[in-house]
Amino acid sequence: MATRLELLSHQSLLLCHDCDLVIANRSVGSGERVVCPRCHAVLYEVRPDSVNRVLALSLTGLMLFIPANTLPIMNLQLIGSSSSNTMVNGVVQLVSQGYWWMAFLVLFCSVLVPVIELLILFVLGLAVKLGRWRQLAISLLKWQGRISEWGMLEVYMLGIVVAFVKMKDLGDLHAGMGLAAFIGLLLMTILTNLCFDRHHFWERADDIKP
Amino acid sequence: MTSNPNQQTGSVAGLLLCDCCHLVSRRRKQPGSNHCPRCYADLSVRLPNSMAKTWWLLAGAVLLLLPANLYPVMTVVYFGKGEPDTIISGVIHLLHGGMVPIALLVFIASIAVPVMKLVGISVLLLTVQRGWSLSKQQCTIMYRYVEFIGRWSMLDLFMISILVTLVDLGEIATITAGAGATAFAGVVVLTMLAASSFDPRLLWDLEQSVPEESQKKNQTT
């Protein structure tokens, strides 16, 4: 067995990241997945036209980022007074109440990571498409893998829903323009991640001439 | 389980998987650290110190779980009146207010998910350490589940950050965060780190060693 393995080149073998099984790589068509036969982990999935789609979707997401973060998401009116919330304001308010650690976590997961991830994917798309900046592309791919788990816009969306239901009996509660921008940003983030073919990007980044 | 002779693992075959870019490379024979030829990341057969790291992160999360549930997470002051709410009393208030689906949602995200994560990761760690003969397939599914649901516990924290600015009406109504929320944020971060520091390949390593030992026994008898 060992001698047979020696003859195979590295790229023709895959290792399952969940159970360490050696799997022979095969050519897969667009939209197909390579699945570990032992633990059923998805090793990779070929996503069609990944680079172009990631570029378009991440750029759209980036354009929505500033309105989503600065326009009011909800507005509450009660006996003549009114107040509204934006994503950034929530963080500022937590800091002013002295909860800096929680404020940092909310800022990190709902503002910083989502925008950094979109920026990374956009620059990555450019680097791969233009075939330039090999070192940059490799570091960006590494950082994307490290931070993407901490982007939690979809959980924030659920937070908005729960806050809305909780407060709707308190006074007049209206959705603001920020909510529309936020939902757009959320959709773009989800779609960018669905179109991002990590395996393909790593191969393309590796092919860029240094 | 490993009756199929074609089922060989990377550690046996002398192959290393890059955790960063998933490139497979051959382990060097000479001593010294291995680096990924594509992305230069440090390579190791299994995540270094996975078990100890996961245990410590888990212990920290269990410690923080107490203050997270005992201290109030937020206080709603309505016309000068109001009392602090803990996670559990918040859920109970929602139930009394007739908002059953939302109460259920908050209960799942803030109580059920953290507890299930702590139990789930403990079971995984004990399975590896004690060699419990649980189905490796099901343990792996549980591991993926634990990794996936962790983020949803942030729901309560996001909701608080929304409410503190949304309900900021001076004398009429205000909402402030509480110390419990800080502790709860710690629980979420530590359990997420614990889940990602656990190496599920350790589960499957058990699968390999069991038949080998039984083969040895068969040979000696």
Next item on the list: Under the side-chain contact (heavy atoms from CB on, under 4.5 Å) rule, what do A:D18 and B:Y143 come out as? Steps first, then yes or no, please.
Entry: CA-CA 10 Å; A:D18 274 359; B:Y143 162 77; 4.1 Å; yes
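- B:M142 pairs in a side chain to side chain contact (heavy atoms under 4.5 Å, CB included) with only one of the listed residues (B:L134, B:T127, B:V123), which is B:V123.
- Ion pairing of A:R134 with A:D206 is present here, as a side-chain N (NZ or NE/NH1/NH2) and a carboxylate O approach within less than 4.0 Å.
- Looking only at heavy-atom pairs under 4.5 Å with chain A, the residue among B:R46, B:H93, B:R144, B:M99 that has the most is B:R144.
- Heavy-atom distances place both the backbone and the side chain of A:M74 under 4.5 Å from chain B.
- Among A:L94, A:L141, A:L43, the residue making the largest number of heavy-atom pairs under 4.5 Å with chain B is A:L94.
- The contact between B:Y40 and chain A is made by backbone and side chain atoms together, counting heavy-atom distances below 4.5 Å.
- Minimum interatomic distance between A:V113 and A:I147 (heavy atoms only, all atoms of both residues): CG1-O, 3.5 Å.
- A:F182 has its ring centre less than 6.0 Å from the ring centre of A:Y156.
- Taking A:K142, A:H199, A:M167, A:M157 one by one and counting their heavy-atom pairs under 4.5 Å with chain B, the maximum is reached by A:K142.
- Counting heavy-atom neighbours within 6.0 Å of A:K129 NZ, excluding the residue itself, gives a total of 12 or less.
- Heavy atoms closer than 4.5 Å to chain B are found in the side chain of A:W101, but not in its backbone.
- For A:Q135, the part lying near chain B is the side chain, with the backbone staying farther off; criterion is any non-hydrogen pair under 4.5 Å.
- Here A:G159 is the residue among A:S139, A:G159, A:S110 with the most heavy-atom pairs under 4.5 Å with chain B.
- Between A:F108 and A:F104, the ring planes are parallel. Angles under 30° get that label, and only those over 60° would be called perpendicular.
- With A:S50 contributing its side chain and A:C195 its backbone, the two residues share a donor-acceptor pair below 3.5 Å.
- Using modelled atom types, one side-chain atom of A:S83 and one backbone atom of B:L166 make a donor-acceptor pair closer than 3.5 Å.
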Next item on the list: Take B:D19 and B:R201, measure what salt bridge (charged side-chain N to carboxylate O under 4.0 Å, His left out) needs, and give me the verdict at the end.
Entry: CA-CA 12 Å; B:D19 296 319; B:R201 291 172 293 187; 3.6 Å; yes
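- Side-chain rings of A:H17 and B:H22 approach one another, their centers coming within less than 6.0 Å.
- Ranked by heavy-atom pairs under 4.5 Å with chain A, the list B:M192, B:M159, B:E147, B:R151 is led by B:R151.
- Highest contact tally toward chain A, considering only B:A177, B:P101, B:C20, B:A185, is held by B:A177 [criterion: heavy-atom pairs under 4.5 Å].
- Residue B:S196 touches chain A through its side chain alone, counting heavy-atom pairs closer than 4.5 Å.
- Heavy atoms closer than 4.5 Å to chain A are found in both the backbone and the side chain of B:L17.
- The residue among B:A109, B:C39, B:A181, B:G14 with the most heavy atom pairs within less than 4.5 Å of chain A is B:C39.
- Residue A:I73 does not touch chain B at all, counting heavy-atom pairs closer than 4.5 Å.
- Per-residue heavy-atom pair counts under 4.5 Å with chain A were compared for B:V189, B:V106, B:L203, B:V76, and the maximum is reached by B:V189.
- Considering every non-hydrogen atom in both B:A194 and B:I121, the closest pair reads CB-CD1, 4.0 Å.
- Top candidate by heavy-atom pairs under 4.5 Å with chain A, chosen from B:I162, B:L155, B:L16, B:L157, is B:I162.
- Contacts between A:A41 and chain B at a heavy-atom distance below 4.5 Å involve backbone atoms as well as side-chain atoms.
- Ranked by heavy-atom pairs shorter than 4.5 Å toward chain B, the options A:V92, A:V91, A:N89, A:L105 are led by A:L105.
- Contact annotation for A:S81: both backbone and side-chain heavy atoms come within less than 4.5 Å of a heavy atom of chain B.
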Next item on the list: Please report the C-alpha distance between A:N25 and A:Y44 in whole Å, then the side-chain angles of each, then the deciding distance to 0.1 Å, and finally whether the side chain to side chain donor-acceptor pair (under 3.5 Å) criterion is met.
Entry: CA-CA 11 Å; A:N25 199 2; A:Y44 69 90; 3.0 Å; yes
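- Of the residues considered (A:S84, A:G90, A:C109, A:P37), A:G90 shows the highest number of contacts with chain B, using heavy-atom pairs under 4.5 Å.
- For a residue to count as touching a neighbouring chain, one of its non-hydrogen atoms must lie under 4.5 Å from one of that chain's; by this rule B:T140 touches chain A with the side chain only.
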